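Note that the coordinates shown come from a computational prediction; the quantities given were computed from them, not determined experimentally. Below, chain A is the first sequence line, B the second, and so on; all start at residue 1.
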Number of protein chains: 2
Amino acid sequence: MATKTEFQIEKAAPIFKVLGDKTRLTMMKLIENQTCCVCEFVEIFQMSQPSISQHLRKLRDVGLIKEERKGQWVFYSLNHESEWFGLMKSILEQLPSQEDKLIELEKNGTRITCC
Amino acid sequence: MATKTEFQIEKAAPIFKVLGDKTRLTMMKLIENQTCCVCEFVEIFQMSQPSISQHLRKLRDVGLIKEERKGQWVFYSLNHESEWFGLMKSILEQLPSQEDKLIELEKNGTRITCC
DNA sequence: TAACTATATAACAATATTCTTATATGATCA
DNA sequence: TGATCATATAAGAATATTGTTATATAGTTA
């Protein structure tokens, strides 16, 4: 029994670790209720495309998000099947909306390229 | 307003970062409903005393825990005044109890030294 | 006061993380 | 098919984190 509980804490810690980065936490909040593609993240965070890909990979590696390819684009969204989904939602609820970042993209016309 | 929300995510990420470590996350669960002193953590985690102190410092630096000196001993507990306390409780609720680790200490008689 | 116990801090080596540049993969379009 | 666009991966430099040993601080006790 002791082994079981240890195992669970050992599984939880890496989840918090990936969330412990401003960029990745903002990504999670952005896709809380919608889907975003890689190019949007690149625009929003003003970071290089490889850097964005690597952040997304870390979120995906722990199962927090899932990807879906649509033509040339890859769209990311919360993984509702993750065992951490419930906890994740309760955390995201307590963070401020990041919608303004998407709205700004629309103003710039940058979001239209792929969506 | 955009600035404000960014600021809040920027404040939340370091919280998850300190929680993103197995030792520190277990520490938080251990003191969820009680107080522990440094020497107990040293026993429980079988780590060096400086290493334990450094982990506790990180938790304290972000305000998640508070310390209270009682004679030679320093006792750590959750900081109920932290703005993250509510979120923290809801996270800890979803993690398995680590009481067994304290019970084991009592069996070994190791807990009696300071408590 | 001196010796002892508990804890904190400093310095450093080992390791991990993050970003960058270069390149590979995969889809679309002319 | 070749060119182009979107994304992923690889490799390496810069930086951050973690644990260790040595030492400092603070309280207790003889």
Side-chain angles (χ1 to χ4, degrees), chain A residues 9-10 13-28 30-31 35-62 64-77 105 109-115, chain B residues 9-10 13-28 30-31 35-62 64-77 105 109-115:
Chain A
I9 287 243
E10 274 167 24
I15 301 297
F16 293 115
K17 189 175 214 171
V18 296
L19 296 177
D21 175 274
K22 189 184 62 166
T23 303
R24 290 191 293 263
L25 192 56
T26 310
M27 284 172 159
M28 290 299 285
L30 275 166
I31 61 174
T35 272
C36 284
C37 79
V38 179
C39 62
E40 286 176 303
F41 288 127
V42 171
E43 279 302 317
I44 289 170
F45 294 106
Q46 293 288 304
M47 289 173 82
S48 71
Q49 174 270 315
S51 186
I52 294 295
S53 265
Q54 285 155 9
H55 280 300
L56 288 167
R57 190 179 215 289
K58 286 185 185 183
L59 289 168
R60 207 199 47 195
D61 280 351
V62 297
L64 286 179
I65 64 175
K66 61 172 193 272
E67 65 186 84
E68 189 186 357
R69 181 175 275 274
K70 278 187 191 164
Q72 324 169 254
W73 299 287
V74 178
F75 290 82
Y76 284 89
S77 55
L105 278 201
T110 327
R111 204 181 181 201
I112 298 156
T113 44
C114 52
C115 305
Chain B
I9 287 243
E10 275 168 23
I15 301 297
F16 293 115
K17 188 174 214 173
V18 296
L19 295 177
D21 175 275
K22 189 184 64 169
T23 303
R24 290 192 293 264
L25 192 56
T26 309
M27 283 172 160
M28 290 299 286
L30 276 167
I31 60 175
T35 272
C36 284
C37 78
V38 179
C39 61
E40 287 177 303
F41 288 126
V42 172
E43 279 302 319
I44 289 170
F45 295 106
Q46 292 288 304
M47 289 172 81
S48 72
Q49 174 269 315
S51 186
I52 294 294
S53 266
Q54 285 155 9
H55 280 300
L56 288 167
R57 189 178 214 291
K58 287 184 185 182
L59 289 168
R60 207 199 46 194
D61 280 352
V62 297
L64 285 180
I65 64 174
K66 60 174 195 271
E67 65 185 85
E68 189 186 357
R69 181 174 274 276
K70 278 187 190 164
Q72 324 169 253
W73 299 287
V74 177
F75 289 81
Y76 284 90
S77 55
L105 277 200
T110 328
R111 202 179 183 204
I112 298 155
T113 45
C114 53
C115 305

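- Listed by chain and number, the residues in a side-chain contact (heavy atoms from CB on, under 4.5 Å) with A/Val62 are A/Ile15, A/Val18, A/Leu64 (sequence neighbours excluded).
- Computed from coordinates, the A/Lys22 NZ to D/dA16 C1' distance equals 16 Å when rounded to whole Å.
- Among the heavy atoms of the strands lying under 4.0 Å from A/Tyr76 are primed sugar atoms or P, OP1, OP2 only; no base atom is included.
- Partners of A/Gln54 by side-chain hydrogen bond (donor to acceptor under 3.5 Å, both in side chains), not counting sequence neighbours: none found.
- Distance A/Leu56 CG to D/dT9 C1': 14 Å, rounded to the nearest Å.
- Applying the side-chain contact (heavy atoms from CB on, under 4.5 Å) test to B/Gln72 and every residue at least two apart in sequence or in another chain returns nothing.
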Can you pull every protein N or O that's under 3.5 Å from an N or O on nucleotides 17-22 of chain D?
{"from": "D/dT17", "atom 1": "OP1", "to": "B/Lys17", "atom 2": "NZ", "distance (Å)": "3.1"}
{"from": "D/dT18", "atom 1": "OP1", "to": "B/Arg24", "atom 2": "NH2", "distance (Å)": "3.1"}
{"from": "D/dT18", "atom 1": "OP2", "to": "B/Arg24", "atom 2": "NH1", "distance (Å)": "3.4"}
{"from": "D/dT18", "atom 1": "OP2", "to": "B/Lys58", "atom 2": "NZ", "distance (Å)": "2.1"}
{"from": "D/dG19", "atom 1": "OP2", "to": "B/Ser51", "atom 2": "OG", "distance (Å)": "3.3"}
{"from": "D/dG19", "atom 1": "OP2", "to": "B/His55", "atom 2": "NE2", "distance (Å)": "2.6"}
{"from": "D/dG19", "atom 1": "N7", "to": "B/Gln54", "atom 2": "OE1", "distance (Å)": "3.4"}
{"from": "D/dT20", "atom 1": "OP2", "to": "B/Ser48", "atom 2": "OG", "distance (Å)": "3.1"}
{"from": "D/dT20", "atom 1": "O4", "to": "B/Gln54", "atom 2": "NE2", "distance (Å)": "3.2"}

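- Listed by chain and residue number, nothing satisfies the salt bridge (charged side-chain N to carboxylate O under 4.0 Å, His left out) test with A/Arg69 (two or more places apart in sequence, or in another chain).
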Mind listing the N/O atom pairs, protein and nucleotides 25-30 of chain C, below 3.5 Å?
none

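- Under the side-chain contact (heavy atoms from CB on, under 4.5 Å) criterion, B/Glu68 pairs with B/Lys70, not counting sequence neighbours.
- Between the P atom of D/dA8 and the CZ atom of A/Arg60 lies a distance of 7 Å, rounded to the nearest Å.
- Looking at every heavy atom in both residues, A/Phe41 comes nearest to A/Cys36 through CZ-CB, 3.5 Å.
- Residue B/Glu40 contributes atom CD, which lies 16 Å from atom C1' of C/dT5 at whole-angstrom precision.
- Put simply, CD1 on B/Ile52 is 15 Å from P on C/dT9, counting in whole angstrom units.
- Nucleotide C/dT7 holds its C1' atom 16 Å from the CD atom of B/Glu68, rounded to whole Å.
- In this structure B/Ser48 satisfies the side-chain hydrogen bond (donor to acceptor under 3.5 Å, both in side chains) test with no other residue, sequence neighbours excluded.
- Residues B/Thr23 and B/Phe45 approach most closely at O-CZ, 3.6 Å, considering heavy atoms.
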